[in-house]
Amino acid sequence: MRVPLMAGNWKMHKGVGQAVALVQALKESLADVTDREILVCPPFTTLYPVAETLRGSNIELGGQNIYPKEEGAYTGEVSPTMLLDVGCRYVILGHSERRRYFKEADEFINRKVDLVLEHSLRPILCVGETLEQREAGQEVAVVAKQVRECLAGVTGEGMKEVVIAYEPLWAIGTGRTATPEQAQTMHQTIRDILKGLYGPETAQATRIIYGGSVKPGNVDDLMREPDIDGALVGGASLKAESFVRIVRFEE
Ligand code: PEP
């Protein structure tokens, strides 16, 4: 049984006061939820006060990125141990905005996945194709390459900690969601790739979550699909009311 993971990616939004107010509201509204995992990924500057506010709650904390080194002269960067130190359990890696604006390539993301697993943090590995790639019928080849290269060297044991987020770029922040059928097809394809790499048991146990304009109005239909195991939510995770409704999806 795969426990659904409902994750909010706050990106570069919210100062300390707003962040604490948001998680306080989430904490109160979601206290009774026990059958799904709830995660928020705020910006680095608010991780500590958010962790303090969430102490003892059923909401987990994640970072949005790391640099693949323990420590050192890497101005402006944050290491996996720093995320652990502040109470993070998860970290988003390879988000399309990092691939696009910071030119992150699969080989570099793979180094991050490796180091994160060494530190018992759980990577949420983002993969997804552009609109041009989909229109050219290349979406499966693109996503398959990303999955294989970002997971190179990861063992079956390591895979127990990995979550994959399928986020078609044309659906991120655009208001245009993949249909449940489009998302299911790709999730099933990713599971088949994992089966080839790690065998059926690991493939069945790995959570594959969907991201791309998930909202209260479409989450139920998406979550009804058999291979969609949760959501990575950007814009709609910034307001308590919408994120609460998303977490409380009905199947
Ligand atoms: C994201 O950034 O991971 C995302 C899916 O954003 P949005 O929900 O705003 O499309």
Side-chain angles (χ1 to χ4, degrees), residues 4-14 18-19 22 26 36-44 46-47 59-66 83 88 90-104 106 109 112-113 116 122-131 133-134 139 142-143 146-147 150 162-180 182-184 186-187 190 207-223 225 227-249:
L5 174 64
M6 309 309 284
N9 171 15
W10 295 5
K11 310 191 185 190
M12 199 170 72
H13 292 287
K14 301 206 182 284
Q18 296 167 314
L22 176 53
L26 294 177
R36 44 202 77 173
E37 243 184 298
I38 311 164
L39 172 70
V40 291
C41 302
F44 293 138
T46 64
L47 283 174
I59 303 176
E60 294 175 298
L61 189 65
Q64 297 176 17
N65 185 32
I66 52 118
L83 290 190
C88 289
Y90 286 88
V91 59
I92 299 169
L93 297 179
H95 192 279
S96 61
E97 286 150 15
R98 298 220 52 94
R99 291 176 188 260
R100 178 172 173 201
Y101 300 123
F102 306 99
K103 308 286 173 247
E104 291 194 7
D106 292 330
I109 297 162
K112 298 187 185 200
V113 172
V116 157
R122 295 177 157 181
I124 299 176
L125 171 63
C126 300
V127 296
E129 80 285 357
T130 63
L131 185 58
Q133 289 165 334
R134 177 163 280 264
E139 69 273 19
V142 168
V143 169
Q146 291 171 340
V147 169
C150 293
V162 176
V163 174
I164 295 182
Y166 169 57
E167 298 208 311
L169 270 71
W170 45 272
I172 296 181
T174 59
R176 179 179 168 182
T177 325
T179 63
Q182 282 172 321
Q184 165 59 24
M186 186 59 87
H187 282 229
I190 294 171
R207 286 180 296 180
I208 305 171
I209 65 176
Y210 170 79
S213 298
V214 175
K215 297 180 275 256
N218 59 25
V219 67
D220 297 348
D221 287 340
L222 286 162
M223 289 304 297
E225 297 295 336
D227 286 291
I228 300 183
D229 305 318
L232 183 55
V233 187
S237 72
L238 296 173
K239 289 211 170 107
E241 197 188 349
S242 54
F243 191 58
V244 165
R245 173 61 184 85
I246 288 169
V247 170
R248 291 189 181 280
F249 69 88

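Ligands are counted one by one from 1 in listed order, and the atoms in each one are counted from 1 as well. The first residue in the sequence is number 1, and the count goes up from there.
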Exercise for the section: Could you tell me whether the side chain of Y90 reaches within less than 4.5 Å of the side chain of L5, counting heavy atoms only? Expected result: yes

Problem - Atom indices of ligand 1 within 4.0 angstrom of G212 heavy atoms, with elements - result: 5 (C), 10 (O)

Handout entry: Minimum heavy-atom distance L39-F243, with the two atoms named
Key = O-CZ, 3.8 Å

Practice task
Output yes when the distance from some N or O of ligand 1 to some N or O of T174 is under 3.5 Å, and no in every other case.
Solution key: no

Problem - Side-chain touch L61/P42, heavy atoms, less than 4.5 angstrom - result: yes

Practice task
Look only at interatomic distance and state if G235 has a nitrogen or oxygen under 3.5 Å from any nitrogen or oxygen of ligand 1.
Solution key: yes

Exercise for the section: Please identify which atoms of ligand 1 are closer than 4.0 Å to at least one heavy atom of A171. Expected result: 10 (O)

Fill in the blank from the handout: The protein heavy atom nearest to atom 3 (O) of ligand 1 is E167 OE2, 2.7 Å

Exercise for the section: Using a strict 4.0 Å cut-off to heavy atoms of S213, name the atoms of ligand 1 that fall inside it. Expected result: 7 (P), 8 (O), 10 (O)

Handout entry: Heavy-atom gap A236 to ligand 1 smaller than 4.0 Å
Key = no

Exercise for the section: Report yes or no: does a heavy atom of A165 sit under 4.0 Å from some atom of ligand 1? Expected result: no

Handout entry: Heavy-atom closest pair, residues P43 and H13
Key = CG-O, 3.4 Å

Exercise for the section: Examine ligand 1 and decide if any of its atoms is less than 4.0 Å from a heavy atom belonging to K215. Expected result: no

Handout entry: Proximal atoms of ligand 1 relative to G173 (non-hydrogen, under 4.0 Å)
Key = 7 (P), 9 (O), 10 (O)

Exercise for the section: State, with a plain yes or no, whether a side-chain heavy atom of H187 is found less than 4.5 Å away from one of E225. Expected result: no

Exercise for the section: Considering only non-hydrogen protein atoms, determine which one is nearest to atom 8 (O) of ligand 1 and report residue, atom name and distance to 0.1 Å. Expected result: G234 N, 2.8 Å

Problem - Validation row: C88, L47 side chains within 4.5 angstrom (heavy atoms) - result: yes

Handout entry: Protein heavy-atom partner closest to atom 1 (C) of ligand 1 - residue, atom, separation in Å
Key = H95 NE2, 3.2 Å

Exercise for the section: Return yes if a side-chain donor-acceptor contact under 3.5 Å exists between E167 and H95, otherwise no. Expected result: yes

Completion exercise
Separation between OH (Y210) and CE (M223), nearest 0.5 Å, reads 13.0 Å

Practice task
Determine the minimum heavy-atom distance between I124 and A165, stating which atoms define it.
Solution key: CG2-CB, 3.9 Å

Problem - ligand 1 versus I172: contacting region, heavy-atom distance under 4.0 Å - result: both

